[in-house]
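The structure appears below as structure tokens.
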Amino acid sequence: MRGLLVGRMQPVHEGHLQVIKSILEDVDEVIIGIGSAQLSHTLKDPFTAGERVMMLTKALSENGISASKYYIIPVQDVACNSIWVAHIRMLTPPFKYIYSGNSLVQRLFLEAGYEVTEPPLFNRENYSGTEVRKRILNNGDWESLVPKSVADVIREIDGISRIKDLSKKEVSEIANDF
Ligand code: NAD
């Protein structure tokens with residue numbers, strides 16, 4: 001039995017790890033779609049799909065999750081929401097269950113006849129990509145929100161300077177970017 005979780009994971013944080021662990025209590029294998037794979041180098045989507053694959057692979061290993069339990073598949077966005085589920089199916093191993101807290105993702109899979117589960121959110125005020133990116137920009141404590149291996153990847157790719165450079169725009173533009 002296989003389940004699917006899709007997320008932008010900008011960056012991977014402890015909430016993603018918790019939800020992946022809870023999905024693996026329900027199903028044998030989890031497919032993790034790295035959403036908006038074409039996006040990078042913006043304040044909202046600073047990391048490339050490849051960097052996010054690296055973060056996730058290392059975080060799952062750090063958490064003792066065997067590589068035989070998951071597939072990580074980058075998925076680019078498509079202009080038409082109505083064909084997105086078919087686009088995902090083309091790219092992934094077959095799956096029966098969907099796990100998502102995103103209402104558009106839930107709606108599209110429900111309309112395609114899938115069983116959709118909304119997993120509980122863990123410490124959502126802090127475990128969110130927006131919060132991690134804000135703290136990186138403001139020199140706050142972002143490292144406590146992500147697995148250690150993800151912090152190592154962000155430092156390795158010079159992600160802190162990248163986010164700070166991306167923020168060197170007009171203040172009005174920054175408000176829209178987050
Ligand atoms: P996200 O990284 O914010 O979240 C992914 C999932 O992780 C959530 O659904 C939630 O279940 C879980 N999660 C996040 N924080 C958590 C926490 N603190 N505790 C527990 N679980 C937590 O990503 P997202 O924005 O939901 O990603 C959806 C992706 O699907 C985007 O890339 C979007 O572009 C894509 N999409 C594309 C189309 C299209 O191309 N037409 C249509 C719909 C969705």
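Counting convention: from 1, in listed order, for ligands and their atoms alike.
Taking every non-hydrogen atom of Met9 and a distance limit under 4.0 Å, the qualifying atoms of ligand 1 come out as 2 (O). Of all atoms in ligand 1, listed by their number and element, those nearer than 4.0 Å to a heavy atom of Phe122 are 17 (C), 18 (N), 19 (N), 20 (C). Interface atoms of ligand 1 facing Gly15, defined by a heavy-atom separation under 4.0 Å, are 17 (C), 18 (N), 19 (N), 20 (C), 21 (N). When each atom of ligand 1 is checked for a heavy atom of Val105 under 4.0 Å away, the hits are 44 (C). Residue Leu104 has at least one heavy-atom neighbour below 4.0 Å for each of these atoms of ligand 1: 42 (C), 43 (C). Taking every heavy atom of Tyr127 and a limit of under 4.0 angstrom, the matching atoms of ligand 1 come to 15 (N), 17 (C), 18 (N). Ligand 1 places these atoms under 4.0 Å from at least one heavy atom of Gly35: 32 (O). Atoms of ligand 1 lying under 4.0 Å from any heavy atom of Val78, numbered from 1 in the order shown and given with element: 39 (C), 40 (O), 41 (N).
The aromatic rings of Trp84 and Phe109 sit perpendicular, their planes meeting at an angle over 60°, well past the 30° parallel limit.
When non-hydrogen atoms are compared, ligand 1 lies under 4.0 Å from neither the backbone nor the side chain of Val75. Counting heavy atoms under 4.0 Å from ligand 1, residue Trp84 touches it through the side chain alone. Counting heavy atoms under 4.0 Å from ligand 1, residue His16 touches it through the side chain alone. Only the side chain of Val19 comes within 4.0 Å of ligand 1, counting heavy atoms alone; its backbone N, CA, C and O stay farther away. The parts of Leu121 lying near ligand 1 are both backbone and side chain, judged by heavy-atom distances below 4.0 Å.
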Requested in this report: Evaluate salt bridge (charged side-chain N to carboxylate O under 4.0 Å, His left out) for Glu25 paired with Lys21, printing each intermediate quantity in order.
Outcome: CA-CA 7 Å; Glu25 287 171 13; Lys21 283 182 192 165; over 6 Å; no
Query raised in the report: Given Arg135 and Asn126, is the side chain to side chain donor-acceptor pair (under 3.5 Å) satisfied, shown in steps?
Result: CA-CA 10 Å; Arg135 289 193 193 186; Asn126 294 318; 3.0 Å; yes
Requested in this report: Using the salt bridge (charged side-chain N to carboxylate O under 4.0 Å, His left out) rule, take Lys168 and Asp165 through it: C-alpha gap first, then chi angles, then the decisive distance, then the call.
Outcome: CA-CA 5 Å; Lys168 290 175 189 159; Asp165 284 349; 2.8 Å; yes
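The local environment of NZ in Lys58 is sparse, with at most 12 non-hydrogen atoms from other residues, nucleotides or ligands closer than 6.0 Å. Around NZ of Lys69, the count of heavy atoms belonging to other residues, nucleotides or ligands within 6.0 Å exceeds 12.
Between Arg155 and Asp152 there is a salt bridge, since a side-chain N of the basic residue sits under 4.0 Å from a carboxylate O of the acidic one.
Of all protein heavy atoms, the one lying nearest to atom 41 (N) of ligand 1 is Asn81 OD1, 2.7 Å. The shortest contact between atom 25 (O) of ligand 1 and any protein heavy atom is with Asn102 ND2, 3.7 Å. Ranking the protein heavy atoms by distance from atom 32 (O) of ligand 1 puts Ser36 OG, 2.7 Å first. Scanning the protein for heavy atoms near atom 29 (C) of ligand 1, the closest one is Val6 CG1, 4.0 Å. Of the protein's heavy atoms, Arg8 CG, 3.4 Å lies nearest to atom 31 (C) of ligand 1. The protein non-hydrogen atom at the shortest distance from atom 9 (O) of ligand 1 is Gly101 N, 2.8 Å.
At least one heavy atom of Ser100 sits less than 4.0 Å from an atom of ligand 1. Using a 4.0 angstrom heavy-atom cutoff, His13 counts as in contact with ligand 1. Under the 4.0 angstrom criterion for non-hydrogen atoms, Pro120 is in contact with ligand 1.
Judged by distance alone, the side chains of Lys164 and Asn139 do bring a donor and an acceptor atom under 3.5 Å apart. Residues Tyr70 and Glu29 have side chains that never bring a donor and an acceptor to within less than 3.5 angstrom of each other. In this model, no donor atom of one side chain and acceptor atom of the other lie less than 3.5 Å apart for Ser36 and Asp45.
Hydrophobic clustering of Ile, Leu, Val, Met, Phe, Trp and Tyr side chains at less than 4.5 Å, counting indirect connections, keeps Val27 apart from Ile98. With hydrophobic clusters built from ILVMFWY side chains whose heavy atoms lie under 4.5 angstrom apart, Leu110 does not share a cluster with Tyr99. Under the 4.5 Å side-chain heavy-atom criterion for grouping Ile, Leu, Val, Met, Phe, Trp and Tyr, Ile73 is not connected to Met54 through any hydrophobic cluster.
Geometrically, ligand 1 and Asn123 share no nitrogen or oxygen pair separated by less than 3.5 Å.
A heavy-atom distance below 4.5 Å is found between the side chains of Pro94 and Arg2.
Counting heavy atoms only, Arg124 comes closest to atom 3 (O) of ligand 1 of the residues Gln18, Glu118, Arg124.
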